[in-house]
Amino acid sequence: QVQLVESGGGLVQAGGSLRLSCAASGRTSSRYTMGWFRQAPGKERKFVATINWSGAGTYYADSVKGRFTISRDNSKNTVYLQMNRLKPEDTAEYYCAARYGSYLDIRETDFGSWGQGTQVTVSS
């Protein structure tokens with residue numbers, strides 16, 4: 001298992017930017033696919049983006065494509081989510097997750113490790 005801690009959330013105006021970070025500890029030598037998910041109040045948690053071990057493969061939800069960028073620095077055991085042109089509908093708790101397997105497989109149930117989440121609020 002790997003332990004995950006998110007940071008970087010906050011309050012931002014529509015059109016602004018935030019960068020989330022997810023620091024991993026524990027079994028960081030394993031080649032995990034990493035993902036970001038989000039959950040808005042009263043709604044189900046949804047996929048945002050994934051990235052494979054090398055960073056060469058990324059996959060995005062249509063709702064964030066072209067605005068969000070996922071990246072990773074394996075030397076720092078950290079994954080990032082750069083969020084630009086934020087919209088009020090991006091308001092949610094954002095969770096980092098880790099799994100073995102393809103970054104194209106975005107089923108939540110296949111992600112074995114989860115962080116506690118970080119809140120992002122976008123005001124209009």
Side-chain angles (χ1 to χ4, degrees):
Q1 284 281 25
V2 62
Q3 290 75 49
L4 305 172
V5 178
E6 302 95 335
S7 62
L11 174 64
V12 64
Q13 288 189 331
S17 298
L18 280 175
R19 189 177 80 156
L20 306 183
S21 298
C22 172
S25 61
R27 295 186 63 179
T28 56
S29 61
S30 297
R31 298 194 169 197
Y32 292 103
T33 282
M34 300 296 295
W36 286 97
F37 292 77
R38 66 186 182 185
Q39 186 169 21
K43 297 188 177 181
E44 293 184 348
R45 189 158 56 187
K46 293 186 177 180
F47 163 74
V48 175
T50 50
I51 187 168
N52 71 352
W53 165 253
S54 69
T58 58
Y59 186 48
Y60 296 92
D62 287 344
S63 59
V64 307
K65 202 174 295 182
R67 299 187 299 122
F68 291 10
T69 302
I70 188 171
S71 62
R72 67 192 296 166
D73 184 342
N74 289 336
S75 69
K76 297 180 179 180
N77 297 319
T78 301
V79 175
Y80 305 97
L81 185 68
Q82 177 66 44
M83 305 185 295
N84 298 329
R85 304 201 313 272
L86 283 160
K87 304 175 181 180
E89 51 263 44
D90 294 318
T91 295
E93 189 83 7
Y94 282 72
Y95 297 90
C96 176
R99 61 157 293 166
Y100 293 109
S102 172
Y103 68 99
L104 296 176
D105 187 346
I106 60 174
R107 291 173 296 184
E108 280 190 50
T109 52
D110 289 334
F111 284 80
S113 298
W114 291 83
Q116 296 295 320
T118 186
Q119 177 68 36
V120 171
T121 303
V122 184
S123 63
S124 57

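Quick caveat, the model's predicted, so the values are computed rather than measured.
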Open item on the list: I'd like to know if Asp62 and Lys65 make a salt bridge, using a cut-off of under 4.0 Å between side-chain N and carboxylate O.
Closed with: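 Answer for the salt bridge query: yes.
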Task: All ring pair (Phe, Tyr, Trp, His ring centres under 6.0 Å) counterparts of Tyr95, not counting sequence neighbours - done: none
- [ ] Evaluate the criterion side chain to side chain contact (heavy atoms under 4.5 Å, CB included) for residue pair Ile70 and Tyr60; output intermediate values, then yes/no.
- [x] CA-CA 9 Å; Ile70 188 171; Tyr60 296 92; 3.4 Å; yes
With distance as the sole test, does [X] use its side chain to make a donor-acceptor pair with the main-chain N or O of [Y] at under 3.5 Å?
X      : Y      : value
Ser113 : Val2   : yes
Thr91  : Val122 : yes
Asn52  : Gly55  : yes
Thr33  : Gly101 : yes
Asn74  : Trp53  : yes
Glu6   : Gln116 : yes

TODO: Look at the rings of Phe47 and Phe37 and say which category their plane angle falls in: under 30° parallel, 30 to 60° tilted, over 60° perpendicular.
DONE: perpendicular
Open item on the list: Surrounding OH of Tyr80 (heavy atoms of other residues, nucleotides or ligands, distance under 6.0 Å), is the total greater than 12?
Closed with: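 Atom OH in Tyr80 is crowded, with more than 12 foreign heavy atoms closer than 6.0 Å.
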Distance check, rounded to the nearest 0.5 Å: [X] atom [atom1] versus [Y] atom [atom2]?
X      : Y      : atom1 : atom2 : value
Thr121 : Glu93  : OG1   : CD    : 9.0 Å
Ser21  : Gln82  : OG    : CD    : 9.5 Å
Glu89  : Ser124 : CD    : OG    : 10.0 Å

Task: Chi angles and distances behind the side chain to side chain contact (heavy atoms under 4.5 Å, CB included) call for Tyr103, Ile51 - done: CA-CA 6 Å; Tyr103 68 99; Ile51 187 168; 6.0 Å; no
Open item on the list: Through direct or indirect side-chain contacts below 4.5 angstrom among Ile, Leu, Val, Met, Phe, Trp and Tyr, which residues connect to Leu11?
Closed with: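 Same cluster as Leu11: nobody, lone residue.
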Task: Closest non-hydrogen atom pair between Ala97 and Phe111, with its separation - done: CB-CD2, 3.5 Å
Open item on the list: For a quick test of reading the model, state the closest non-hydrogen atom pair linking Ala98 to Leu4 and the distance between them.
Closed with: N-CD1, 3.8 Å
Open item on the list: If the test is side chain to side chain contact (heavy atoms under 4.5 Å, CB included), which one of Val64, Leu81, Val120 qualifies with Arg38?
Closed with: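 The option that passes is Val64.
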TODO: With sequence neighbours excluded, give me every salt bridge (charged side-chain N to carboxylate O under 4.0 Å, His left out) pair touching residues 103-123.
DONE: Arg45-Glu108, Arg99-Asp105, Arg99-Asp110, Asp105-Arg107, Arg107-Asp110
Open item on the list: With a 6.0 Å cut-off on the ring centroids, do Tyr100 and Tyr32 count as close?
Closed with: yes
